[in-house]
Amino acid sequence: MTENSSLLAEFPTCPRDANKRPRVFASASGAHLIDESGFRWIDFDNARGSVLLGHGAPVVAEAVARAATGADGSATGWSPRVDTVLERLHALCGGEVVGLFRSGTAAVRAAVLAVREATGRPLLLSCGYHGYDPMWYPSPTLLEPNADGVVDFFFDLGLLAELLAAPERVAAVVVSPDHMHLSPEWYRELRRLCTEAGVVVVADEVKVGLRYGPGLSTAELLAPDVWTVAKGMANGHAVSAVGGSRTLLRPLKEVSFTSFFEPTILAAADAALARVATGEPQRAARAAGDRFLRHARKALADASLPVEIAGDGTFFQFVPATEELEEDFYRASDAEGLLFYAGDNQAVSAAFDDAVLTDAEQRFDRVCERLAGHAGTAPVDETARYRVAWNVLDGLRDAGRDRTATTELLARLLDD
Ligand SMILES: Cc1ncc(COP(=O)(O)O)c(C=O)c1O
């Protein structure tokens with residue numbers, strides 16, 4: 001199968017080889033994936049961070065298998081599982097009402113359109129990725145709304161302050177939190193600006209929600225009026241949620257979709273949320289990720305390779321000094337069977353035990369050996385840090401700069 005020969009209309013994000021062909025995996029278990037050739041990978045991608053408990057986690061697999069027999073509700077209508085899942089989400093993330101969806105994209109879109117309708121204000125000020133929907137495409141002109149009334153401020157609080165000078169037209173500020181490239185002070189300042197302007201804050205926690213702990217990662221820093229979560233709630237199964245004030249989310253009353261009560265998805269969410277509520281899988285993943293990071297940072301330093309690592313054990317990102325080194329780094333990692341999410345954030349699962357970590361550390365040492373040709377080359381600089389952060393943020397990392405520097409960086413990064 002070549003890039004252009006697949007019947008699939010979409011080009012989904014997934015591990016691909018150097019020719020952009022999707023890697024095909026025959027099976028998955030815990031921290032491992034087995035590809036078509038029988039090669040065993042250690043999975044740091046984990047379905048872009050949505051597998052927290054490990055592949056095939058027995059608590060989820062058993063609940064799903066039972067629900068598939070019809071023993072646990074039906075796709076036709078309401079079952080006790082709906083209430084349990086809603087109660088679990090409410091206990092973990094708060095809000096007066098909770099809505100259910102199938103994907104992060106659908107949840108965020110529904111949330112912001114509800115807030116727009118409820119406030120009667122037309123504009124959404126956005127930063128970060130919120131899904132594939134064209135409504136989020138940046139406008140060609142900085143600080144101007146796109147055709148869907150969305151203005152991107154690219155995580156730059158100076159630009160946000162300029163936009164909030166006319167708050168009466170702003171329905172909400174929509175943020176995709178990131179804890180690798182933004183500081184706690186960044187969130188506090190964003191909250192201050194929004195409170196001062198009287199503007200609603202929507203936290204798109206589709207990726208980070210429930211991953212850092214048993215709740216929203218910005219509950220204290222942002223106290224969002226509306227939240228969305230997805231990846232942390234069902235170990236990779238297709239469900240997402242929106243929560244917040246009854247008034248702001250009243251327009252969600254119009255939402256219904258045919259698979260709403262599908263019992264295997266509700267079973268997966270119920271079983272995964274029960275584990276997530278204990279905080280144990282998040283602690284296990286964090287500890288495993290931290291151990292891997294300590295090893296990787298030392299191995300890179302010992303090999304004199306100019307690669308920094310941003311973030312912590314929950315989510316981290318490699319920051320190679322050059323694009324050439326970055327390409328070689330992921331090629332070497334592929335050869336050693338370390339399945340990284342190329343260019344983006346890495347997320348270990350709670351299935352990374354001592355044996356997996358020891359194996360991963362040894363494979364990483366061999367990756368460093370393969371990169372010996374880059375030893376002692378120029379160190380990581382600000383240009384590299386902005387470039388790599390852009391891959392994961394779709395915006396600018398939190399660092400001191402003036403308006404001119406912001407404009408220049410945006411012109412360059414948007415053009416790439
Ligand atoms: C912050 C954020 N919002 C929304 C989405 C879209 O979610 P989905 O891919 O489930 O549609 C993603 C996906 O990565 C995300 O990271």
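Read the numbers this way: they start at 1 and go in the same order the structure lists the ligands and their atoms.
If you look at ligand 1, the protein residues with a non-hydrogen atom under 4.0 Å away are Ser103, Gly104, Thr105, Tyr129, His130, Gly131, Ser176, Asp204, Val206, Lys207, Lys231.
More than 12 heavy atoms of other residues, nucleotides or ligands shown are found within 6.0 angstrom of CD on Glu382. Within a 6.0 Å sphere centred on OH of Tyr132, heavy atoms belonging to other residues, nucleotides or ligands number 12 at most.
In this structure, Arg397 satisfies the cation-pi test against Tyr386, with its NZ or CZ atom closer than 6.0 Å to the six-membered ring centre and inside 45 degrees of the ring normal.
Looking at Thr407 and Arg403, their side chains do bring a donor and an acceptor atom within 3.5 Å of each other. Between the side chains of Trp136 and Asp152, no donor-acceptor pair of N or O atoms lies under 3.5 Å.
Side chain of Glu62 to main chain of Val60: no donor-acceptor pair is present (N/O by atom type, distance under 3.5 Å, no hydrogens or angles).
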